[in-house]
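The sequence lines fix the lettering, A, B, ..., with proteins before strands; numbering per chain opens at 1.
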There are 2 protein chains.
Amino acid sequence: MPFTSDTVGLSTEERLRVVGLRPTRQRIGLARLLFDGPSRHVTAEDVFAEAAAAGVPVSLATIYNTLRQFVDAGILREVLAEPGRAYFDTDVSDHHHFFHVRDGRLEDAPVGSVQIAALPEAPEGARIGRIDVIIRLEPASDD
Amino acid sequence: MPFTSDTVGLSTEERLRVVGLRPTRQRIGLARLLFDGPSRHVTAEDVFAEAAAAGVPVSLATIYNTLRQFVDAGILREVLAEPGRAYFDTDVSDHHHFFHVRDGRLEDAPVGSVQIAALPEAPEGARIGRIDVIIRLEPASDD
DNA sequence: ATAGCTGCAAATGCTTTGCAAGGCC
DNA sequence: GGCCTTGCAAAGCATTTGCAGCTAT
């Protein structure tokens, strides 16, 4: 169960409040959908479908707005794996990804499989904000 | 001067032919624009503007189509740095990137600054196709 | 009560495509 | 000449936004 570390033991409502978001019906519903259970990778459409299936009444527009708010609040991470489609990772801790080109599936890379050696420091007035590593897995070409 | 290693010494036209593309006026013009001189990172719009400035008559649609053909031909690399906008790198050799969030600028990361440790095996029937590493540089403002 | 949400639909921005005219071999 | 390309505009997608009505505090 992801979410920020300083919100352990809090209810979904309280956790939303902690990150500065008013706990509305749809935000609570989406937060539960996303953060209860193991971490995973979803697209806006995925969430939309799941919300519908779970009986959470939300429009696609609100899904997009809410996902972005969660990202800004630091409880969700955006992952760029494919052009034209945004993936969201409910695990915001430092880790990298495998992307299955064949079916567009995103998967966590085993911890420690990627190592950053000497990181050159950023130019004046800049700092390293995040490091995205995506290991692209393609169907083994049949020769 | 990028391009595939086995085309050294060939004219732009011949090099296009080598990768299976008919050397048309616009493909030659774009190839020269992109591959003559040091490697760089561009968007479709950048290329469009440069082509216009250089007097190469090309439509935006053809720019997009051509860039994709170049990518498929292996002489250009697509880099995902921002959602909704594709960057292209004229250097297809193994290397990683710095992305300046502030101004959307893409830059090569110094060689050797990133090191991949134990790469986990790829699942049945899959192989590692490419590894994208993007180091996000943000304005060092207040945290 | 009121500032903040939500939903719908229309708008946006990047990229692709359909199809007629033109260029390369 | 035949077939691949180009160009324009229109179509597509994913995502964002404007605004009236609703809701949490």
Side-chain angles (χ1 to χ4, degrees), chain A residues 11-33 41-52 54-73 76-88 104 106, chain B residues 11-33 41-52 54-73 76-88 104 106:
Chain A
S11 71
T12 299
E13 297 189 25
E14 292 169 319
R15 284 188 289 189
L16 283 175
R17 245 187 286 269
V18 167
V19 298
L21 294 174
R22 184 192 283 184
T24 64
R25 193 178 317 293
Q26 20 286 300
R27 293 217 266 240
I28 294 171
L30 294 180
R32 277 211 258 265
L33 221 64
H41 309 91
V42 299
T43 64
E45 289 290 347
D46 291 339
V47 178
F48 187 49
E50 286 185 25
V56 178
V58 203
S59 70
L60 228 202
T62 297
I63 298 271
Y64 276 106
N65 291 158
T66 302
L67 290 178
R68 192 135 311 288
Q69 289 158 357
F70 283 3
V71 169
D72 291 343
L76 191 64
R77 173 175 169 179
E78 187 172 13
V79 180
L80 301 172
E82 252 183 338
R85 171 190 256 74
Y87 286 80
F88 295 92
L106 202 59
Chain B
S11 69
T12 298
E13 297 191 25
E14 292 170 318
R15 285 188 289 188
L16 283 175
R17 243 188 286 269
V18 166
V19 299
L21 294 173
R22 185 191 283 184
T24 64
R25 191 178 318 293
Q26 21 285 300
R27 294 218 266 240
I28 294 172
L30 294 180
R32 278 212 257 261
L33 221 64
H41 309 91
V42 298
T43 63
E45 289 290 347
D46 290 339
V47 178
F48 187 50
E50 286 185 25
V56 179
V58 204
S59 70
L60 228 203
T62 296
I63 298 273
Y64 276 106
N65 291 158
T66 303
L67 289 178
R68 192 137 309 288
Q69 290 158 356
F70 283 3
V71 169
D72 291 343
L76 191 64
R77 173 174 169 180
E78 187 172 13
V79 180
L80 300 172
E82 253 184 338
R85 172 192 257 75
Y87 286 80
F88 295 92
L106 202 59

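- The interatomic distance linking A/Arg27 (CZ) with C/dG4 (P) rounds to 11 Å, in whole Å.
- Between the CD1 atom of B/Ile63 and the P atom of D/dT6 there is a distance of 10 Å, rounded to whole Å.
- Qualifying ring pair (Phe, Tyr, Trp, His ring centres under 6.0 Å) partners for B/Tyr87, counting only residues two or more places apart in sequence or in other chains: B/Phe99.
- Using a 4.5 Å heavy-atom cutoff, the side chains of B/Leu67 and B/Val71 are not in contact.
- Here the side chains of B/Pro23 and B/Thr12 are not in contact, with every heavy-atom distance at 4.5 Å or above.
- The distance between atom CZ of A/Phe70 and atom P of C/dC5, rounded to the nearest whole Å, is 12 Å.
- Residue B/Arg68 contributes atom CZ, which lies 10 Å from atom P of C/dT17 at whole-angstrom precision.
- Smallest separation of non-hydrogen atoms from B/Gly29 and B/Val56: CA-CG1, 4.0 Å.
- Among residues two or more places apart in sequence or in another chain, the side chain to side chain donor-acceptor pair (under 3.5 Å) test is passed with B/Glu45 by none.
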Under 3.5 Å, which N/O atoms of the protein pair with N/O atoms of nucleotides 22-25 of chain D?
| unit_1 | atom_1 | unit_2 | atom_2 | d |
| --- | --- | --- | --- | --- |
| D/dA24 | OP1 | A/Arg25 | NH2 | 3.2 |
| D/dT25 | OP1 | A/Arg17 | NH1 | 2.5 |

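- Put simply, CZ on B/Phe48 is 14 Å from P on D/dT6, counting in whole angstrom units.
- One can place CG of B/Leu30 at 9 Å from P of D/dG7, the figure rounded to the nearest angstrom.
- With a 4.5 Å cut-off on side-chain heavy atoms, A/Asp46 and A/Phe88 do not count as touching.
- Atom pair A/Glu82:CD and C/dC14:C1' shows a separation of 15 Å (rounding to whole Å applied).
- Contact detail for B/Ala44 and B/Ile63: the closest heavy-atom pair is O-CG2, 3.7 Å.
- Partners of B/Glu50 according to the salt bridge (Lys or Arg N to Asp or Glu O under 4.0 Å) rule, which considers only residues two or more places apart in sequence or in another chain, are B/Arg40.
- Note on B/Pro83: nothing from the nucleic acid sits closer than 4.0 angstrom, heavy atoms only.
- At its two ends the helix from C/dA1-D/dT25 to C/dC25-D/dG1 runs along axes set 30° apart, each axis drawn from five pairs and the angle rounded to 10°.
- A side-chain contact (heavy atoms from CB on, under 4.5 Å) with B/Val58 is found for one member of B/Leu30, B/Thr24, B/Thr66, B/Leu33 and no other, namely B/Leu30.
- Of all heavy-atom pairs between A/Glu82 and B/Leu80, the closest is N-CD1, 3.6 Å.
- Side-chain atoms of A/Thr62 and A/Asn65 form no donor-acceptor pair, as typed in the model, at a separation below 3.5 Å.
- The interatomic distance linking A/Leu16 (CG) with C/dT6 (P) rounds to 10 Å, in whole Å.
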Restricting to nitrogen or oxygen on both sides, can you table the protein-nucleotides 8-14 of chain D pairs closer than 3.5 Å?
| unit_1 | atom_1 | unit_2 | atom_2 | d |
| --- | --- | --- | --- | --- |
| D/dA14 | O3' | A/Gly84 | O | 3.3 |

